[in-house]
Student: 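Can you keep this structure in mind? I'll have questions shortly.
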Number of protein chains: 2
Amino acid sequence: MTRSEHEDGIRVAVSTVILTLRRDGGQAPRLALPLVRRTRDPHAGAWALPGGWLDDAESLAAAAARTLAETTGLAPSYLEQLYAFGAVDRSPSRVISVVYWALVREEESVGAVGSDPENVAWFDAEDLPGLAFDHARIIEYALWRLRNKVGYSRVAQGFLPPEFTLADLREAYETILGRRLDPANFRRQVDATRTLIPTNAFRTGSHRPARLYRDATDVELADRGPLSPEETRTS
Amino acid sequence: MTRSEHEDGIRVAVSTVILTLRRDGGQAPRLALPLVRRTRDPHAGAWALPGGWLDDAESLAAAAARTLAETTGLAPSYLEQLYAFGAVDRSPSRVISVVYWALVREEESVGAVGSDPENVAWFDAEDLPGLAFDHARIIEYALWRLRNKVGYSRVAQGFLPPEFTLADLREAYETILGRRLDPANFRRQVDATRTLIPTNAFRTGSHRPARLYRDATDVELADRGPLSPEETRTS
DNA sequence: CCAAAAGTGTTCCGAATACACCCATGC
DNA sequence: GCATGGGTGTATTCGGAACACTTTTGG
């Protein structure tokens, strides 16, 4: 293992793509995420992912959870490392960004703000403003990962409250995937996984009441990678 | 984006899990990887993944390819980022390791050595020595990723020379997955993907000659992630 | 009663599997 | 010829997709 002799100027930042499902009204929900307006150069005035420098004594995942809480006031229902970005020219100074992606529950994201609400705003994932650095590409990749992972895991439940109907869950899938799913087949597929417990409660509304379900287990919504013991607790 | 005021002591290392298929003789091939004996503390004398400090002016992928060449003298036929490890206690000093995994072709790995052949040795992936830091866990994760990715991509071809028989390819799959595959069904599945071009050459040997194939395209063997333009060239 | 969502039943189709069988070569 | 791996054919099974149909509520 060779080692460069000089103590060089590489710094480590941690950023997070924070996703939620936002319902504007009676409309179909949409994916939304918070961005932070930069107040210094480079890219002063542009919007960027929430993040910050990695602190000497915190793990990468802890840094992601910390900056997430600072900008939104929320704890994530799902948090996973996305990728480490380290191109030489992605910033004027040399910065390695370890990026995480997180899911937060819908209701919590309404009105909840962190330490600096002035410079935080939520955007529709399909209608983003101009972004600093390579953050547009990073968000694209996070959305790709979400759409991909929803196909073989239960991550979508990270958007939902503890009790929800199958229609709620299907609506989350439909929003993520961008297409309609057959209610009948969707029902069979989810209960083939045996991960939902039916409750005795029903949501009464406009038509026939729908049964409420909750998570069957306290296991992870999805495989989050090679996590060390210190990183396995998200709450 | 808040910034810690002190220039702190976090350093960035890049390591690589380098995998190949090794044929000991007429036996079934096995997964093998090179390790480097550490000559300094911490963990002096223990075996570790090839790697080194990230240089100021090179991208993460370039650092991985560089250390790979330094220890094995080889260029990878496949290279993908694995994960960024950043637990506080994984090393006495604070080190963030961005780990890559690579595939190299079998024949090339025989006898090829890099700048310091004394301290490099190849090990059977199922029979590893005591490893420094969290490298045992990292290798486990790399193997998991390989086994997983072989199911939905063409990565296994990264182990093979430009021309190969379907039996060669199937043998690679069988070694990676650790189980036998039906030759008939395997044949149909690979040519359903339309990614192999049959040549007019045959490998003559002990029995009926087997047709040689080569890659149909110059496209990637698998999705390697959100690569920037500077990282897309591996050769 | 009617509209609409909740929930069930059934058919169809394609992919994965198992396995019988033929082909071409070395010995 | 015969052993062995190369290569083809075919029946079965399983899961997903499509969609007809029944149930239960609000109005």
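In what follows, chains carry the letters A, B, and so on, assigned in the order in which the sequence lines appear, proteins first and then strands, with residues in each chain numbered from 1.
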Student: Starting from C1' on dT8(D), measure out to CZ on Arg211(B) and report it in whole angstrom.
Tutor: 14 Å
Student: Tyr173(A) has an atom OH; how far is it from atom C1' of dA17(D), in whole Å?
Tutor: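 It is 17 Å, rounded to the nearest whole Å.
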Student: Measure from CZ on Arg187(A) to P on dA20(D) and round the result to the nearest Å.
Tutor: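 These atoms are roughly 19 Å apart.
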Student: How close or far is atom C1' of dG7(C) from atom CZ of Arg203(A), stated in whole angstroms?
Tutor: 16 Å
Student: With heavy-atom distances below 4.5 Å as the criterion, would you say the side chains of Phe202(A) and Thr204(A) are in contact?
Tutor: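 Phe202(A) vs Thr204(A): side chains apart.
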Student: Among Leu82(B), Leu60(B), Leu49(B), whose side-chain contact (heavy atoms from CB on, under 4.5 Å) with Tyr100(B) holds?
Tutor: Leu60(B)
Student: Using atom CG of Asp182(B) as one end and atom C1' of dG7(D) as the other, report the distance to the nearest whole Å.
Tutor: 12 Å
Student: CD of Glu171(A) versus P of dA6(C): gap in Å, rounded?
Tutor: 10 Å
Student: Under 4.0 angstrom, heavy atoms only, what part of the nucleic acid is Ala192(A) near: base, sugar-phosphate, or nothing?
Tutor: nothing
Student: Go nucleotide by nucleotide along DNA chain D from the 5' end; which of Arg179(A) and Pro183(B) gets its closest nucleotide reached first?
Tutor: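 Of the two residues, Pro183(B) wins.
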Student: Examine the base of dG9(C) for any acceptor or donor lying under 3.5 Å from a partner atom in the side chain of Arg188(A), and report the outcome as yes or no.
Tutor: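 Answer is yes: a donor-acceptor pair is held.
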Student: Provide the full list of salt bridge (charged side-chain N to carboxylate O under 4.0 Å, His left out) pairs with a residue in residues 168-187 of chain B, sequence neighbours left out, each pair given once.
Tutor: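 Those involving residues 168-187 of chain B are Arg23(B)-Glu171(B), Asp168(B)-Arg203(B), Arg170(B)-Glu174(B), Glu174(B)-Arg180(B).
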Student: Using a distance-only criterion (donor-acceptor N/O pair, under 3.5 Å, no hydrogens), is the base of dA18(C) paired with the side chain of Asn185(B)?
Tutor: yes
Student: If you take atom types as modelled and just measure distance, does the side chain of Arg208(A) reach the base of dA5(C) with a donor-acceptor pair under 3.5 Å?
Tutor: no
Student: Between Leu146(A) and Val17(A), is any pair of side-chain heavy atoms under 4.5 Å apart?
Tutor: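 The answer is no, as the side chains (C-beta and beyond) never meet within the 4.5 Å cut-off.
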Student: What nucleotide, of dT17(C), dT25(C), dA5(C), holds the atom closest to the side chain of Gln189(B)?
Tutor: dT17(C)
Student: To the nearest angstrom, how far is His207(A) atom NE2 from dT22(D) atom C1'?
Tutor: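 Checked: the NE2 to C1' distance equals 17 Å.
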Student: May I have the distance from Leu181(B) (atom CG) to dC19(C) (atom P), rounded to whole angstrom?
Tutor: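 Taking CG of Leu181(B) and P of dC19(C), I get 15 Å after rounding.
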Student: Starting at CZ of Phe159(A), measure out to OG1 of Thr20(A) and round the result to the nearest 0.5 Å.
Tutor: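 Here the interatomic distance stands at 6.0 Å.
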Student: Which is true for Arg170(B) with a 4.0 Å heavy-atom rule: it touches a base, it touches only sugar-phosphate, or it touches nothing?
Tutor: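 Sugar-phosphate: the residue Arg170(B), judged by heavy atoms under 4.0 Å, touches backbone atoms but no base.
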Student: Go through dC19(D), dG5(D), dC19(C) for me and flag the one nearest to the Ala184(A) side chain.
Tutor: dC19(D)
